[in-house]
Each structure stands twice: as structure tokens, then as C-alpha cells.
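Contents: one structure, followed by commentary.
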Amino acid sequence: MEASTPNPNPNNSNSILSSTPVWPTIDGPLGLSEEDSLSYARRFYNFGYALLPFLWAVNCFYFWPVLRHSRSFPRLRPYVVASAIGFSVFSVLLCSWALTFAIGGEHLFGPTWDQLVMYNVADRLGLTGWS
Amino acid sequence: MAQFQRPKTLLDSLGEEIIRILTPVSICMFLVVLLVSILNSSSSLSVTSIATIAYSETSSDSSWDKFLGALLNSLAFVAVVTVATFILVLFFYLRCTKFLKIYMGFSSFVVLGFMGGEIALFFIEKFSVPIDCITFLVLLFNFAVIGVLAVFMSKMAIVVTQGYLVLIGMLVAYWFTLLPEWTTWVLLVAMALYDLAAVLLPVGPLKLLVELAMSRDEDIPALVYEARPVTHHDPASGPIQRRIWRQRQTVRLDSEDNSSSNRNVNVISDSNTTVSIVQTSHSGTGIARVEEGQVLESIAELSAPLINRGMDGQDGMSAESLMLEGMGLGSSGAIKLGLGDFIFYSVLVGRAAMYDFMTVYACYLAIVAGLGVTLMLLALYQKALPALPVSIALGVLFYFLTRFLLEIFIVQCSLILVMF
């Protein structure tokens with residue numbers, strides 16, 4: 001696969017013969033050009049560290065053509081790949097914790113399970129009594 | 001078999017655009033009906049908010065009292081909304097757009113975070129989902145922050161932005177359905193009348209806002225849903241705004257060959273096809289073949305006015321979010337619909353769902369018909385139009401007709417197994 005040149009020419013975007021994408025975003029010509037994408041990808045990646053793994057997921061989803069076609073958009077790829085890795089790691093951690101909590105229940109945690117589970121917390125803090 | 005690609009007919013381009021605006025409206029209504037039917041069967045909640053400030057309905061009052069109370073409530077609400085919109089016009093006039101943007105981001109965060117969180121809590125309590133508070137908080141925080149980013153602050157995948165707009169509309173609409181019944185119906189009618197006045201009267205705040213934005217050639221920061229444009233040649237504009245037709249430039253296209261266009265030289269159809277092909281002609285792949293000397297005017301977008309919607313808050317504290325009502329056309333030719341329209345359509349259908357599903361179907365069809373009529377008028381008049389009045393009028397009419405006339409008929413027929 002050849003590397004694509006950063007040449008956002010609209011007439012190329014529908015060409016069936018080229019196997020490299022011209023547009024780095026999933027929106028194609030409606031999305032960002034490659035220069036803008038770099039700052040966006042970097043910003044999404046950095047902000048994801050503020051406990052925002054969904055931002056990493058959005059980053060991967062938005063720049064899906066970058067992930068799919070390896071060796072295209074060499075400047076964008078590190079950020080998007082790092083976001084993908086970060087999101088998978090975080091989701092594995094979160095899922096394992098949530099599943100342990102849900103399946104383990106009171107056997108595993110004892111009385112603290114009742115203190116942590118959401119509907120009890122909501123009752124205690126009166127959260128659903130807002131309306 | 002034709003040699004050249006057949007030029008897109010009016011039906012192809014316009015039909016596709018209509019579908020692209022009807023789908024999110026339908027999804028929003030469907031989600032609200034789902035929420036209402038799942039959550040409301042258990043408990044009855046009452047909301048204290050701006051809209052119930054004058055009178056809180058109890059079931060023991062007489063009909064006339066309820067009607068009067070509902071009227072007072074709606075008048076209070078419309079007054080608050082008018083004042084808020086005028087304040088918005090003032091801010092826009094003083095060029096405090098940064099402040100407006102921050103305020104809107106904050107109010108979306110409140111909607112997504114607090115209202116979304118409360119509805120999630122209702123679900124958790126109803127189904128006893130064993131989720132712990134840490135996971136819940138992380139998920140909610142992520143959801144709210146990315147919603148704010150998607151809608152306001154940064155460019156993101158169009159699907160994500162549109163999805164979050166629909167979600168915000170759904171959350172606010174569900175909240176409105178918690179109002180007492182008479183108040184809801186009178187409020188809907190009052191908002192439809194207000195929308196009509198605010199957009200069409202020369203002194204209306206929305207019209208002022210539109211004209212301000214037009215004269216300054218600026219975007220109004222607002223919550224507007226923009227359908228994905230049908231032609232794929234130009235990048236979409238930024239956050240969706242209600243738009244109005246505006247003539248930015250005139251483009252003269254001469255016919256290149258002698259064969260005349262086989263399209264009708266009908267003014268309306270020309271302007272409609274101009275919408276979808278104006279960008280293609282700009283990007284050089286124009287397929288427009290016009291008669292000699294005919295001037296095609298490219299239509300550009302106008303930013304649309306905002307409406308401040310006072311949202312129901314807790315204990316009198318209200319968070320306001322800026323939403324647009326009405327519809328217009330964007331610079332890329334896609335249709336824009338304000339989020340206020342989503343909300344009030346969904347409130348109507350949600351209220352109908354509280355009675356029975358029969359009314360839901362009737363009201364849904366009425367609203368879609370009203371939306372179609374509004375779109376036709378939009379193509380005809382080519383300026384910003386209020387999207388509420390026609391749909392709400394038809395919806396309310398069909399609700400009461402169904403409830404008081406059709407239901408008896410259907411129930412009797414079903415009981416003796418004549419139909420259905």
C-alpha cells in the first residue's frame with residue numbers, strides 16, 4: 001500500500017481504484033482535513049487521560065480510516081493507536097471491576113456491597129427525590 | 001440506456017433530505033415514548049418548576065379550575081421564555097458570544113449529567129441493576145463531558161453529534177412530560193403560538209436575532225440539529241443552527257450545449273434543485289443545465305435565532321439552555337431543525353403515550369404530516385419558519401379526536417371482533 005499524499009482533492013474521494021483514503025476522518029469529505037486532524041487527534045488523546053476513556057473511543061471511531069489502513073497518515077497514527085490501546089485497557093479494567101462487583105455481590109464484599117451499590121447510594125443521598 | 005448519468009430528480013434530492021430530518025425526529029419521539037411507558041407506570045412524580053409556578057394541579061379540582069390554572073402556568077412560562085430570549089438577543093447584540101457558548105455548554109452539561117443521571121437512576125431502581133457508584137459515576141461523567149464536546153466545543157463525528165442532540169432533546173422532553181396534564185397541553189399550544197409570533201412578527205425576538213446574525217454574517221451558538229447534507233462535496237458547517245434563506249451571491253450559469261434542459265422551468269422546482277446542486281456547481285462538478293441566460297441564485301445559510309427554554313429544575317432552581325426552534329436551510333443545503341421543536345414534538349407524543357398507544361400513533365402521524373407541510377412551506381417561502389405551529393395544532397387536534405371519538409369506535413369494534 002502506498003502512502004497517501006495529503007491532498008484533499010474532492011474528486012479523488014470517490015475513486016474506487018485507490019486503496020488509500022484521502023480523508024482521515026470517518027465522515028470523509030464532510031470531516032476534517034489532515035492538517036486539522038492532527039491537532040484534534042492530539043487533543044483528544046491528551047484529554048482522555050482526565051478519566052475520559054470514551055474520548056479515546058471517540059478518537060478511534062472518528063479516525064477509523066487511519067486505523068484501518070496502516071501506513072497512511074503517519075503523523076496521525078501514533079495518537080489514534082495509543083487511544084485505541086488506552087481505551088481497551090481501561091475498558092478491560094472497568095468491566096472486570098463492574099463484573100466482580102455485580103457477580104460477587106455480598107459473598108465477596110460483605111456489608112460494603114450494600115454501601116457501594118448504586119440504588120442504595122441514591123436512596124441514602126436522596127438523589128431520586130429531586131423531582 | 002442513457003449515456004450520461006441521469007440528473008437527480010427533485011424526488012431524489014428532496015426526498016432524501018426529508019428522510020434525513022424525519023429519522024432523528026422519529027427516533028427522539030420513539031425514545032420518549034419508550035421512557036414514558038417504562039418509567040411512568042410505577043410511580044407518579046410531580047415536578048416543581050417554572051411551568052407550575054402559578055398553579056399546581058390536583059385531581060380534585062373542577063375542570064374549569066384546572067383549565068384556568070393551566071392557562072396561568074403557560075402564560076408564566078411563555079413570559080419567562082420571552083424575557084430570556086430578549087436577554088439572549090441583548091447578549092448577542094453586545095457580542096458576548098463567548099459567554100453564550102460557555103453558558104450553553106454548561107447547560108448541556110447539566111441536562112446530560114443531572115437529568116441523564118436521574119433517569120439512569122430511575123432505571124437502576126426499577127430493574128435493580130447491581131451497578132456500583134464508582135462505575136456509574138465514571139460512565140456518567142464520560143457521557144456528559146463527551147456530549148458537551150460533541151455538541152459545542154469541538155468537531156466530532158457527525159453521527160456522535162447528531163446522536164447527542166437527539167439525546168438532549170429526549171431528556172428534556174421526558175422532563176416536560178412529568179408536568180401535570182392540563183398544564184402540558186395548554187403549554188404546548190401556548191408555545192406554538194409564541195413560536196409563530198416570535199419568528200414571524202417583526203418585533204419578535206427570534207426575528208431580531210436572525211436579522212442581527214444576518215447583518216453581521218455570524219453564527220449564532222445554538223442547539224440545532226442539522227441533517228447530513230445530501231451532496232458530498234463540501235464540508236459541513238459547524239454546529240447546527242436554524243437557518244434562513246439568504247442570497248449571498250448570484251451565479252450565472254449558461255448552458256453549454258444546445259439541447260435544452262428536460263426539467264421543468266418551474267420556479268419552485270428550480271429553487272429546490274438549486275439547494276442541492278448549488279454546492280456541486282461550486283465544486284465544479286455541476287450537473288445543472290439551465291436555459292440560456294437564466295440566473296441561478298445560490299442560497300446561503302442564515303443563522304437562526306435562539307430560544308431560551310427554561311428547563312424544569314429542582315426546588316425552583318432552573319437551568320436554562322439555549323435551543324433553537326423552527327427550521328431553515330443550511331449553507332450546504334441540508335435542512336436544519338431547532339432542538340426546541342424536537343422537544344415539543346416529543347412532549348406531545350409522550351403525553352399521548354400516557355393515555356394509550358392509539359393516541360401515540362395518531363399524534364405521530366399528525367406531527368410528521370405537519371413537519372412535511374412546514375418543509376413544503378420552507379421550500380416555498382425560503383425564509384426561517386416556525387416549525388411548531390402546524391405540527392402542534394395537528395397533533396393536539398388528533399389527540400383529542402382520537403381520545404374522545406376514535407377510541408370508543410375502536411374498542412367497540414374490537415370487543416365484538418369486527419375489526420383488528
Side-chain angles (χ1 to χ4, degrees), chain A residues 8-11 13-14 23 25-33 36-37 39-40 43-44 47-48 50-59 61-64 90 94-95 97-106 109 112-113 115-125 127-131, chain B residues 43 45-49 114-115 117-139 141-147 149-150 154-161 175 178 228-229 231-237 279-280 283-285 312-315 332 334:
Chain A
N9 189 351
N11 289 328
S13 56
N14 292 330
W23 301 97
T25 64
I26 204 173
D27 289 331
L30 294 173
L32 301 167
S33 66
D36 295 331
S37 315
S39 61
Y40 271 94
R43 215 180 322 149
F44 283 166
F47 273 113
L51 268 193
L52 288 171
F54 278 21
L55 204 54
W56 283 330
V58 165
N59 205 7
F61 174 69
Y62 195 32
F63 294 111
W64 184 248
F90 194 94
L94 199 65
C95 280
W97 159 250
L99 282 175
T100 317
F101 187 84
I103 299 178
E106 302 216 17
F109 288 92
T112 46
W113 194 85
Q115 289 178 6
L116 280 181
V117 80
M118 196 60 212
Y119 40 82
N120 288 346
V121 172
D123 280 337
R124 245 186 309 138
L125 297 177
L127 290 174
T128 51
W130 274 2
S131 59
Chain B
S43 58
L45 307 154
S46 63
V47 181
T48 51
S49 63
F114 286 100
M115 289 192 182
E118 272 217 44
I119 292 182
L121 281 176
F122 290 153
F123 268 104
I124 287 177
E125 288 203 344
K126 190 165 165 76
F127 296 112
S128 299
V129 178
I131 193 173
D132 63 305
C133 48
I134 307 171
T135 317
F136 180 75
L137 281 174
V138 167
L139 290 177
F141 175 64
N142 271 280
F143 175 70
V145 169
I146 293 190
L149 284 180
S154 107
K155 203 136 186 323
M156 222 180 266
I158 294 183
V159 175
V160 173
T161 310
W175 215 251
L178 295 177
R228 193 186 286 250
T231 61
H232 302 287
H233 291 277
D234 275 0
S237 48
Q279 301 303 350
T280 64
S283 59
T285 60
D312 302 334
Q314 306 88 18
D315 302 326
S332 45

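Just so it is clear: chains get the letters A, B, ... in the order the sequence lines come, proteins before strands, and each one is counted from 1.
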Could you pull out the closest heavy-atom pair between [X] and [Y], with the gap in Å?
{"X": "A:Phe54", "Y": "B:Phe143", "value": "CD2-N, 4.5 Å"}
{"X": "B:Ile131", "Y": "A:Phe101", "value": "C-CE2, 4.0 Å"}
{"X": "B:Met156", "Y": "A:Phe44", "value": "CE-CZ, 4.0 Å"}
{"X": "B:Phe141", "Y": "A:Ala50", "value": "CE2-O, 3.8 Å"}

Inset, instruction - Using the test side chain to side chain donor-acceptor pair (under 3.5 Å), find all partners of A:Trp97 that sit at least two apart in sequence or belong to another chain. - result: B:Asp132, B:Thr135

Inset, instruction - Would you mind telling me which of A:Val58, A:Ile103, A:Asn59 has the largest number of heavy-atom pairs within less than 4.5 Å of chain B? - result: A:Val58

Legend entry - Side chain / backbone / both / neither for B:Leu149 at chain A, heavy atoms under 4.5 Å: side chain

Legend entry - B:Ile146 versus chain A, the contacting section by heavy-atom distance below 4.5 Å: side chain

Inset, instruction - Kindly write out the residues that satisfy side chain to side chain contact (heavy atoms under 4.5 Å, CB included) with A:Phe47, not counting sequence neighbours, or none if the list is empty. - result: A:Arg43, A:Leu55

